[in-house]
Amino acid sequence: MVTTSWKERIEVHVECCQKVGEEYTLTVRSGVRQEKTIGVSYDAFIDDVQVGDMVVVDGGMVSMEVLAKAGPDVTCSIVDPGIILSRANLTFRRGGGIVRAHNAMLPIISSKDWLDIDFSISQEVDFIAVSFVKTADVINNLKSYLRARSPKIIEVVAKVESYDSVPNVPDIVAASDCVMVARGDLGAQIPLEDVPSVQKEIVVRCRQMGKPVIVASHLLQSMMEYPTPTRAEVADIADVVRQRADCLMLSGESAVGAYPDKAVGVLRAVATRIEEWCRQEKHGNIILPQLTHVPDGRTSEELCASAATMANNLGARAIFVFTRRGYMANFLSRCRPDCPIFAFTDKQDVRTRLNMRWGVMPFRLDFGQDPEANVERTFELLKRRQLVKPEDLVIVVSDVRYSEKSAIRSVQIRQVP
Ligand SMILES: Nc1ncnc2c1ncn2[C@@H]1O[C@H](COP(=O)(O)OP(=O)(O)O)[C@@H](O)[C@H]1O
Ligand SMILES: C=C(OP(=O)(O)O)C(=O)O
């Protein structure tokens, strides 16, 4: 996955602002290395900020008041001391409210991003994530560009991380292939106490609309420095899993933290345990609206809903599904059944994209002419991998051939031979 770059960023490695009243210079001059001088990576900072504003770094890591402006430099006095980490995010508050900076008017996808998008197309990436999405328009625009330029389907992930995106979430979810709740930047733009409810609303909305959702950042923040997490972080991961989000994403923990492998291990262990508990306790069930209206889509949706209900009621070991474009696997995933969904597709890019879907373990398989022979091959394949064993009860969503040329869809209750 590649991501677009638009952000107002601070360019320091790590800076400790220790004393109240200490003066710092924020400058838009690039590459300046002077004591108590911090680079800001967008030029409009100088126009946006006013004397008396409060500049808030990373949602409150450090706050400083603007004392004076001179050319490219802004002198600030530390109000709340703390540590500024590299690529920190800046917001300004004036009269208690957030200031809609000039940057909020800039295009979400910059000219450099378009070059990067062209490069990503040439490299056949699977996903492009758009930072600081405000409305669905930017997603629609990028998707139509990708449709015209990319021979391969590239899915577009909307990163919800700005103040402006929150009221537009329903349209953004509808337009995107996938949504990321980017809690790091979101928490700097909206009050921190609003982040959990916004996260929950986005996760539920995405599931209702059949779009995968990633919850990102600060899941194991303390593991940037320590080999074990806090109990509160474990509880946060458990909450995301109980909300039935599709993906959990580490950021700094795996990118620059001291214990990346341990952090991934903790994430996996907690998620696995809580998923098991969710299956027993039946938490997180929600009402799913009808998604499709065309007759063919309705049939697929109903078939998958019934397959998931049957699997739950019968305590099935797994659901097997054949899917060329990923639709059937996606419908099944949306139902969040109690057992894994083994999805078989004849296309490698569909297999890769299905990794993003909740509960789906995708496999690539060349489909032969006879549907039943394909089903039998999948049993053998999964027995070899010890994912199922003889006599396991499984639900199979597959075509059944009833004449030389035609097949009908079916949901089958079967025992692994
Ligand atoms: N056992 C099977 N062997 C080969 N192909 C199958 C089998 N069962 C179903 N299929 C095919 O899998 C595809 C399901 O594709 P998918 O993209 O998920 O949804 P849709 O049916 O809406 O195209 C259909 O083309 C169907 O004919
Ligand atoms: C995922 C996020 O964005 P980035 O990748 O820029 O940290 C975030 O802000 O939470």
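We're numbering straight along the sequence, starting at 1. Read the numbers this way: they start at 1 and go in the same order the structure lists the ligands and their atoms.
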Main-chain N/O of D164 paired with K134 side-chain donor or acceptor, under 3.5 Å: no

Side chain K383, main chain P417, donor-acceptor under 3.5 Å: yes

Identify all side-chain donor-acceptor contacts of residues 340-350 below 3.5 Å with residues at least two apart in sequence or on another chain.
from : atom 1 : to   : atom 2 : distance (Å)
T345 : OG1    : T323 : O      : 3.0
T345 : OG1    : R324 : O      : 3.4
T345 : OG1    : K347 : N      : 3.2
D346 : OD2    : R324 : NH1    : 2.7
D349 : OD2    : R353 : NH1    : 3.3

Closest candidate by heavy atom, reference atom 9 (C) of ligand 1, pool T292, I408, D399, T345: D399

Side-chain (Q415) to main-chain (E391) donor-acceptor, under 3.5 angstrom: yes

Proximal atoms of ligand 1 relative to G326 (non-hydrogen, under 4.0 Å): 17 (O)

Proximal atoms of ligand 2 relative to G184 (non-hydrogen, under 4.0 Å): 8 (C), 9 (O), 10 (O)

Worked verdict on S217 versus S251 for side chain to side chain donor-acceptor pair (under 3.5 Å): CA-CA 5 Å; S217 302; S251 304; 2.9 Å; yes

Nearest option to atom 12 (O) of ligand 1, as decided by whichever heavy atom of F344, Y327, F322 sits closest: F322

Any donor-acceptor pair under 3.5 Å from T309 side chain to A305 backbone: yes

Shortest protein contact, atom 5 (N) of ligand 1 (heavy atom only): F367 CD1, 3.6 Å

Partners meeting salt bridge (Lys or Arg N to Asp or Glu O under 4.0 Å) with D177 (sequence neighbours left out): K143

Heavy-atom nearest neighbour in the protein, as seen from atom 18 (O) of ligand 1, with distance rounded to 0.1 Å: T323 OG1, 2.5 Å

K159, portion touching ligand 2 at heavy-atom distance under 4.0 Å: side chain

Proximal ligand 2 atoms for D185, defined as those under 4.0 Å from one of its heavy atoms: 3 (O), 6 (O), 8 (C), 9 (O), 10 (O)

Atom 24 (C) of ligand 1: nearest protein contact (heavy atom, Å): R324 NE, 4.3 Å

Close-contact set for ligand 1 against R325 heavy atoms, below 4.0 Å: 16 (P), 17 (O), 20 (P), 22 (O), 23 (O)

Residue-ligand contact R409/ligand 1, heavy atom below 4.0 Å: yes

Numbered atoms and elements of ligand 2 in range of S217, under 4.0 angstrom, heavy atoms: 1 (C), 2 (C), 8 (C), 10 (O)

P371 neighbourhood, listing ligand 1 atoms whose heavy-atom distance to it stays under 4.0 Å: 1 (N), 2 (C), 3 (N)

R357 side chain to P362 backbone, donor-acceptor under 3.5 Å: no

Proximal atoms of ligand 2 relative to R183 (non-hydrogen, under 4.0 Å): 10 (O)

Pair R364 + D366, salt bridge at N-O below 4.0 Å: yes

Distance filter under 4.0 Å to A182 heavy atoms, resulting ligand 2 atoms: 1 (C), 2 (C), 8 (C), 9 (O), 10 (O)

Side-chain donor or acceptor of R334 paired with backbone N/O of C304 under 3.5 Å: no

Donor-acceptor contact present, side-chain R231 to main-chain P229, <3.5 Å: yes

Minimum-distance protein heavy atom relative to atom 1 (N) of ligand 1: S398 OG, 2.9 Å

M328 N/O to ligand 1 N/O under 3.5 Å: yes

Atom 4 (C) of ligand 1: nearest protein contact (heavy atom, Å): N374 ND2, 3.1 Å

